Amino acid sequence: MSISSINYSSSVLGSQIRNINQQLTDLSTQLATGKLSQNYSGMGTNEGFAIASRSQLSNIAAYTDTMTNVNVNINLANTALQALTTIRSTVQTGAANTAQSLNVNGQTVAQNTAAAQFGSMVGVLNTQSGNRYLFSGTAVSTQSVADAGDIINGTTTQSGFKTVMAERQAADLGANGMGRLVQTQPTPSSVQVSEDVAGSPFGLKIAAVSSTLTGATVTGPSGSPVSFSVDLNGTNPSNGDKLSVKFTLPDGTTEQIDLTASTATPTPLGSFAIDAITPTNTASNLNTALNTAIQKLANTSLVAASAIVAGDNFFNTASSAIGAPVNNQAATPAPITGATALSGASPSDSISPGFVAGDSITVNGTTLSFVNSGATGNQLNVTDSIQTLLGKIDSITGTSKPSTIHGGAITINTDDAATLNISSSNTGALGSLGFSSSPVTAQQPPLRVGSSPASSATTLVNGSANTVKWYQGNDSPGSPRSTAVARVDDSITVQYGAQADEDAIRRQLQAVAVFGTFSTSPTGTYSGGQVSALSLRVTQALTQQPGQQHVEDIQTDIAMAQNTMKDASTRQTQAKAQLQTIIDQAESASPDQVASEILSLQNALQASYQTTSNLAQLSLVKFL
């Protein structure tokens, strides 16, 4: 009888030993790496949760990178905006406290400082983060603002602000230096003052006249062009009697001339002498005093107001549509006013032809309908006033500067000249408001004096073809903040864009440019008064006004974006910890458990080897 040999490798015991060895190898790898397996198939049933969690962690890492980059841009923008507030404070303080001592260039120390600060502002507004211009809106690769020298002095082909301001001053002063007013003495006992051209945007506008002059007849202001007259009727006023004339300046401010009849010798400032013997001489004295007062007003406050408006013409993207002056249909026709009705039977203070029920006016796509009475929403009563209509128009256009009416001419202001479009189903009534063409549109800025010589010009025209464009970034409608948007969480985005032409920034740049660019004759009679009047206006322009955008508002907006990102980052940090826990639970191996399993397997392996050894020593004799 023969006994077959034992095939160890194919035995159950050998297979068990190989299995134990493999388990020991796997456990040793787990102990070394801390992972259950080196491939997904070995991770177990919870690996699907781990894969999803790892994807979310990847998203969070991307959001973190985005927030880091956005925070860099916001911090740079905030630093720039803070620099703007410092510049504003510096120039405002200088303007408020400026001495009237002029250097050889006809400027004060504060004006020289403003000129330097203008250059600093331009540099700040051209701040870059990497290759991104922070104040260009969506046009991130375009320099936000033209070079300071080009803005002020122009280029070889385009005029700068200095030229625009000089043209506007000439147009506002007029050839006679009287603010485009014409003064005459129709009779030996009377004085008349008239605006030179009806509807002109330039010069002084006669707003009101009042008088306590005994025996005098005051007429106006009325007519087209607007005028007023004072007739002493061959008699002398009493000592202390007064004539007051209020004028509207191009920047919308008003100033009043007061002339007092006086018997004092010498005649006090702001008075005119009463000639007790020859009353016509009194009228002549009034004429001379009025002429002197108008010239002083024109060559001081008007010049300053002209500089302010020139800044608006050059820098402000808002514009206006100006109608021709018209009269009402009252018994004694006079220029229409805000109180003039939109319809009415003659004679009444109303336009003719007027609007009737069923008519409509469409403003930028929004229709205003006329009804007989009981108007609501976008409706107007046919008996409503022109001022009511202007209020409705302004509410639709959203203008920051209310529309006005003066001297029978309506000015419709808009912050976006490119979009203004007003039409009516009743073109005759629209014509009664001074607008002969339909649709009514606004002149495109920058605005320049419309003809040469400027001293006799009567219009402003679009100067974009031959004038430096100071802002070069994106200027399409919409919130500047929305020009830069970043997703910082699965359902959260932040807006942090900015534009150099935003109202708060533009107004500051404009005021600093006006103050730093304006110059006058160092020895001129009215030079001190010009600088004083300009300083007052610049100080006011740089003073924060309720309802206006402030640079601090922009800072607040981008700070809110940062706060949103901070909150998102906090939530994501918490989520990262939870997601990592899910991954660890699904994929990590416990060192203690692995060590325990290794020890158990080692004992089993030792026993298996002992059994194998005993079997290897077995013989027939021992078996028997």
Side-chain angles (χ1 to χ4, degrees), residues 174 176 178-200 203-249 253-264 267-298 301-302 325-328 330-340 347 349 405-409:
N176 61 359
M178 289 279 289
R180 304 298 292 266
L181 297 178
V182 179
Q183 184 174 347
T184 58
Q185 208 168 352
T187 68
S189 65
S190 66
V191 176
Q192 179 174 306
V193 177
S194 172
E195 297 175 15
D196 67 343
V197 178
S200 165
L204 297 168
K205 305 301 179 185
I206 304 167
V209 181
S210 61
S211 167
T212 60
L213 300 176
T214 303
T217 301
V218 176
T219 304
S222 60
S224 181
V226 177
S227 66
F228 76 90
S229 63
V230 180
D231 193 338
L232 297 185
N233 293 315
T235 63
N236 276 327
S238 301
N239 187 53
D241 287 354
K242 185 181 292 185
L243 172 69
S244 298
V245 185
K246 181 183 289 187
F247 295 96
T248 301
L249 282 66
T253 60
T254 59
E255 295 206 19
Q256 183 167 297
I257 290 173
D258 294 315
L259 296 176
T260 303
S262 176
T263 57
T267 305
L269 188 67
S271 301
F272 62 96
I274 298 173
D275 190 322
I277 298 174
T278 310
T280 54
N281 288 345
T282 303
S284 180
N285 292 339
L286 171 60
N287 184 57
T288 300
L290 184 58
N291 185 275
T292 300
I294 290 175
Q295 285 210 36
K296 181 180 179 181
L297 177 63
S301 295
L302 174 62
V326 291
N327 292 337
N328 59 29
T332 303
I336 59 173
T337 68
T340 300
D349 184 12
I405 179 169
H406 174 75

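Since this is a predicted model, take the numbers as computed values, not measurements. Counting from 1, the numbers follow the sequence of the chain as shown. Values below: all heavy atoms of this structure, side chains included; hydrogens, waters and symmetry mates excluded.
- Distance alone, capped at 3.5 Å, places no donor-acceptor pair between the Asn287 side chain and the Gln183 backbone.
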In sequence, state the C-alpha distance, the side-chain angles, and the governing distance for Asn233 and Thr217, and then conclude on side-chain hydrogen bond (donor to acceptor under 3.5 Å, both in side chains). CA-CA 7 Å; Asn233 293 315; Thr217 301; 2.9 Å; yes

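- Residues passing the side-chain hydrogen bond (donor to acceptor under 3.5 Å, both in side chains) test with Thr288: none are found, sequence neighbours excluded.
- Using a distance-only test at 3.5 Å, with no hydrogens or angles considered, a donor-acceptor pair links the side chain of Lys205 to the main chain of Ser200.
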Kindly indicate, with the supporting measurements, whether the criterion side-chain contact (heavy atoms from CB on, under 4.5 Å) is fulfilled by Thr260 and Phe272. CA-CA 6 Å; Thr260 303; Phe272 62 96; 6.0 Å; no

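- The minimum heavy-atom distance between Ser224 and Ala198, with the atom names listed, is OG-CB, 3.3 Å.
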Does Val193 form a side-chain contact (heavy atoms from CB on, under 4.5 Å) with Met178? I'd like the steps, not just the answer. CA-CA 11 Å; Val193 177; Met178 289 279 289; over 6 Å; no

Ile336 vs Asn327, side-chain contact (heavy atoms from CB on, under 4.5 Å): CA-CA, chis, key distance, verdict: CA-CA 5 Å; Ile336 59 173; Asn327 292 337; 5.7 Å; no

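- Closest heavy-atom contact between Ala293 and Ile257: CB-CG2, 3.6 Å.
- To the nearest 0.5 Å, atom CZ of residue Arg180 and atom OG of residue Ser194 are 12.0 Å apart.
- Residues Leu213 and Pro237 share a closest heavy-atom pair of CD2-CB, 3.9 Å.
- What you find for Ser189 and Gly234 is that their closest heavy atoms are CB-N, 3.7 Å.
- Using a distance-only test at 3.5 Å, with no hydrogens or angles considered, no donor-acceptor pair links the side chain of Thr282 to the main chain of Asn236.
- The side-chain hydrogen bond (donor to acceptor under 3.5 Å, both in side chains) check on Asn281 picks up Asp275, with sequence neighbours excluded.
- At least one donor-acceptor pair closer than 3.5 Å links the side chain of Thr337 to the backbone N or O of Ala339.
- Of the possible donor and acceptor atoms, one in the side chain of Asn328 sits under 3.5 Å from a partner among the backbone N and O of Ala330.
- Across all their heavy atoms, Leu243 and Ser211 have their closest contact at CD1-CB, 4.1 Å.
- If you take CZ on Phe228 and OG on Ser222, they are separated by 11.5 Å, rounding to the nearest 0.5 Å.
- Asp241 meets the salt bridge (charged side-chain N to carboxylate O under 4.0 Å, His left out) test with no other residue; sequence neighbours excluded.
- A side-chain donor-acceptor contact under 3.5 Å links Glu195 to the backbone of Ile206.
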Could you walk me through whether Ser190 and Ser229 pass the side-chain contact (heavy atoms from CB on, under 4.5 Å) check? CA-CA 7 Å; Ser190 66; Ser229 63; 5.8 Å; no

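- Looking at Thr235, its side chain does come within 3.5 Å of a backbone N or O of Leu232 through a donor-acceptor pair.
- Within the 4.5 Å cutoff, the side chain of Pro225 has no heavy atoms near those of the Val197 side chain.
- Minimum interatomic distance between Pro221 and Ala207 (heavy atoms only, all atoms of both residues): CG-O, 3.9 Å.
- Atom CG of Leu302 and atom CG of Leu249 lie 5.5 Å apart (nearest 0.5 Å).
- Atom OG1 of Thr187 sits about 10.0 Å away from atom CD of Gln192, to the nearest 0.5 Å.
- For the atom pair OG1 (Thr278) and CG (Asn285), the distance works out to 10.0 Å, reported to the nearest 0.5 Å.
- Judged by distance alone, the side chain of Asp196 and the main-chain N or O of Val182 form no donor-acceptor pair under 3.5 Å.
- The backbone N or O of Ala264 lies less than 3.5 Å from a partner atom in the side chain of Ser262, making a donor-acceptor pair.
- Interatomic distance, Gln295 CD to Leu290 CG, rounded to the nearest 0.5 Å: 10.5 Å.
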